[in-house]
*Asks:* 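I'd like to ask you about the structure that follows.
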Amino acid sequence: GRPGMVNYSRVGSVSTGTLATLSFQSSTGLELTPVNYKGAAQSTAAVASGEVQLTFTSLATTLPLIRHAIDHAVPLIAICRGAQEVNVALGGTLHQLVHEVPGRRDHRSPKTSDIDVNYAPAHEIEIVEGGLLHRLIGARTATVNSLHAQGVDQLAPRARIEAVADDGQIEAFSVPDAPAFALALQWHPEHRALDNPVSMKMFDAFAEACRARAERRLRGPMRVAAE
């Protein structure tokens with residue numbers, strides 16, 4: 001249906017959890033543009049290519065859905081592009097090209113036919129002491145892959161930094177006032193997750209939050225039936 005016709009309450013009521021990751025735009029090379037969060041003018045080329053229309057249309061659905069999930073206790077884990085969308089959905093902004101920001105490394109991946117090369121460990125992150133991520137994995141550093149051109153610039157007011165790269169780029173953030181689990185990661189922990197203890201600790205925490213939500217939703221109808 002049309003973005004304006006989405007029933008977010010209905011979607012949220014039947015959802016146990018939300019995994020926000022690669023979207024149609026990023027899979028086709030289209031990116032979140034400043035018009036999505038600042039109202040900046042777009043280039044003629046972007047308009048002619050249909051980029052602006054596509055970005056507006058799909059994000060008119062995904063951004064409100066992200067906000068609804070966070071505000072209505074639907075557990076959320078966001079990966080790479082998904083993390084960027086969460087930041088924008090909550091009022092943050094992005095670097096359009098991180099590698100062009102003074103002092104930043106090139107966070108893009110190699111472009112090879114070998115997925116393990118593309119998703120190989122790329123750099124270290126420093127994890128904020130006492131934060132959600134620190135509590136989950138029990139370490140202050142980790143090594144992660146890197147496959148992004150865009151990245152968080154101004155962090156959303158509701159978000160809290162959980163980890164940064166060695167060049168200062170934000171790599172993870174949480175949403176402290178969310179009533180359920182909400183963690184956004186700029187890297188791809190799903191790649192060979194079963195072989196990565198750090199990834200498994202995060203996904204186990206997300207799964208536990210989803211199970212808890214499912215149990216709460218199940219108890220409601222059971223109480224009604226018992227009455």
*Asks:* Heavy atoms, side chains only, cut-off 4.5 Å: are I66 and E85 in contact?
*Replies:* yes

*Asks:* State which residues pass side-chain hydrogen bond (donor to acceptor under 3.5 Å, both in side chains) with N118; sequence neighbours excluded, sorted by chain then number.
*Replies:* T112

*Asks:* Linking Ile, Leu, Val, Met, Phe, Trp and Tyr by side-chain heavy atoms under 4.5 Å, what else ends up with Y119?
*Replies:* I115, L147

*Asks:* Just distance, no hydrogens or angles: give the donor-acceptor pairs under 3.5 Å from side chains in residues 174-187, sequence neighbours left out.
*Replies:*
| from | atom 1 | to | atom 2 | distance (Å) |
| --- | --- | --- | --- | --- |
| S174 | OG | E162 | OE2 | 2.5 |
| D177 | OD1 | R158 | NE | 3.2 |
| D177 | OD1 | R158 | NH2 | 3.0 |
| D177 | OD2 | R158 | NE | 3.1 |
| Q186 | OE1 | Q84 | NE2 | 3.4 |

*Asks:* Once ring-ring contact (aromatic ring centres under 6.0 Å, His included) is applied, what residue pairs with a partner in residues 198-218 remain, sequence neighbours excluded?
*Replies:* none

*Asks:* Enumerate the residue pairs fulfilling salt bridge (charged side-chain N to carboxylate O under 4.0 Å, His left out) with a member in residues 124-134, sequence neighbours excluded, ordered by first and then second residue.
*Replies:* E126-R140, E129-R140

*Asks:* Enumerate the salt bridge (charged side-chain N to carboxylate O under 4.0 Å, His left out) contacts for residues 195-211, please, sequence neighbours excluded, ordered by first and then second residue.
*Replies:* E208-R211

*Asks:* Just jot down the salt bridge (charged side-chain N to carboxylate O under 4.0 Å, His left out) partners of R67, sequence neighbours excluded, or say none.
*Replies:* none

*Asks:* For D116, check salt bridge (charged side-chain N to carboxylate O under 4.0 Å, His left out) against everything at least two apart and list the hits.
*Replies:* R192

*Asks:* Do I127 and M200 land in one hydrophobic cluster if side-chain heavy atoms of ILVMFWY residues count as linked below 4.5 Å?
*Replies:* no

*Asks:* Linking I/L/V/M/F/W/Y whenever their side-chain heavy atoms sit closer than 4.5 Å, directly or via other members, would I79 and V98 fall into one cluster?
*Replies:* no

*Asks:* Can you list everything that forms a side-chain contact (heavy atoms from CB on, under 4.5 Å) with L97? Sequence neighbours excluded, please.
*Replies:* H99, E100, A149

*Asks:* If you group Ile, Leu, Val, Met, Phe, Trp and Tyr whenever their side-chain heavy atoms sit less than 4.5 Å apart, what else falls in with V101?
*Replies:* none

*Asks:* Can you list everything that forms a ring-ring contact (aromatic ring centres under 6.0 Å, His included) with H107? Sequence neighbours excluded, please.
*Replies:* H123, H148

